[in-house]
Amino acid sequence: MKLVVAGSTGLLGSEIIRQTLHIPEITEVVALSRKPLRLDEGLDSSKIKNFIISDYGEYPDEVKAEFAGADACIWCACHTSPHVEFYTYHLDRGYRTVAITPFRSGEFDSAEVKRVCQDCTKIGFDAMNNAGPARPFRFIYLSADGTPRDPEKKAFLWAEYQVMRCNTELMVLKFPTENEGVEICIAQPGVITNWTSFTRGVVASVFSATNLIGVPFPNIYLVDAAAAVLDQAVHGIEKETLRNADLVRIGAKALKSRNGVRELWWF
Ligand SMILES: NC(=O)c1ccc[n+]([C@@H]2O[C@H](COP(=O)([O-])OP(=O)(O)OC[C@H]3O[C@@H](n4cnc5c(N)ncnc54)[C@H](OP(=O)(O)O)[C@@H]3O)[C@@H](O)[C@H]2O)c1
């Protein structure tokens, strides 16, 4: 099968790309990114074709041609969320600033965030759908836990961003009714924990500890999140919306059946 991955140098995108090398059913990968992918030189990555695009709102003809015959797309491209911006900002400057400037809404260009997260998702989907993909064509859109389904329901924090993501989900949900042969899945992971840096490792440890007392905060290991969405792309979509708990279950099962044992999450 041919798989398109959008946002392939991101946290999740790069783990998806890494795992495709271990999935024999995936024979071709069209990896879209704005900067070159870094692939492990020790592995045979000949099935991966990396296309550098300047923006997810524009696709040159040679890239559109690659979309022909695609069986699935995993869409991980999204503007950095205000949550991440917020933590990065305050971690960079120290906690004292939290009391003074708890929000950076003035610095957050919501029109650009909407363009990248919502408009580009539609433009990317249309480019693939018009290029003659396989049928069914599975489109897996990465959203996030807690995204409301009702745009009228104002979230307490980052309300504008949450409404934009809600509207993006509602837009993606319409793709199958507007386009025959299209199947969609909205994946809503909680915090994607990983050990790609020391700080992220500390955060992952905290979440692991909270998981022992019943997962009060939805979270998922990076390898499980990637395995779950790849499983849905390869074997079919279980349901339209996959919540964090669904992704944890599907990801763990997929890794177990692929490796015989569950991959150790801290590697
Ligand atoms: N990380 C988490 O804890 C978490 C939790 C829940 C949901 N999610 C969702 O999962 C998806 C992937 O998350 P992630 O953690 O892998 O995100 P990430 O590391 O920030 O990667 C997102 C990708 O989006 C593209 N992107 C970012 N800013 C852009 C911009 N201004 N213009 C155009 N493209 C831009 C980049 O693609 P290039 O490869 O082209 O640079 C980037 O690699 C997102 O939709 C995110 O909201 C993440």
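Throughout, residue positions are numbered sequentially from 1 according to the sequence presented. Note that ligands are numbered from 1 as they come in the structure, with each ligand's atoms numbered from 1 the same way. Note that the coordinates shown come from a computational prediction; the quantities given were computed from them, not determined experimentally.
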Quiz item: Do Asp40 and Ser45 have a side chain donor and acceptor closer than 3.5 Å?
Solution: no
Quiz item: If you measure from OH on Tyr161 to NE2 on His79, what distance do you get to the nearest 0.5 Å?
Solution: 9.0 Å
Do [Y] and [X] meet the salt-bridge criterion of a basic N to acidic O distance under 4.0 Å?
X	Y	result
Arg138	Glu183	yes
Arg34	Asp55	no
Glu169	Arg149	yes
Arg249	Glu238	yes

Numbered atoms and elements of ligand 1 in range of [X], under 4.0 angstrom, heavy atoms:
X	answer
Pro189	6 (C), 7 (C)
Val191	3 (O)
Leu12	16 (O)
His79	28 (N), 31 (N)
Ser8	39 (O)
Gly10	16 (O), 19 (O), 21 (O), 39 (O), 43 (O)
Lys35	41 (O)
Cys76	11 (C), 12 (C), 22 (C), 23 (C), 24 (O), 44 (C)

Quiz prompt | Within-shell test, Cys117 vs ligand 1, heavy atom, strictly < 4.0 Å | solution = no
Quiz item: Non-hydrogen atoms of Gln188 versus ligand 1: any pair closer than 4.0 Å?
Solution: no
Would you mind telling me if ligand 1 is within reach of the side chain of [X], the backbone, both or neither, using heavy atoms under 4.0 Å?
X	result
Val116	side chain
Arg115	neither
Ser143	backbone

When you measure from [atom] to each heavy atom in [options], which option holds the nearest one?
atom	options	result
atom 18 (P) of ligand 1	Leu11, Asn194, Val5	Leu11
atom 2 (C) of ligand 1	Ile192, Thr147, Ile52, Asn50	Ile192
atom 30 (C) of ligand 1	Arg34, Glu112, Arg200, Arg165	Arg34

Self-check item: Contacts of type ring pair (Phe, Tyr, Trp, His ring centres under 6.0 Å), residue Tyr56, not counting sequence neighbours
Solution: Trp75
Practice problem: For atom CD of Glu180, decide whether the heavy atoms of other residues, nucleotides or ligands shown that lie under 6.0 angstrom number more than 12. | Solution: no
Quiz item: Is the number of heavy atoms from other residues, nucleotides or ligands within 6.0 Å of CD (Glu58) greater than 12?
Solution: no
Quiz prompt | Connected hydrophobic set around Val202, excluding itself, where side chains approach under 4.5 Å | solution = Phe198
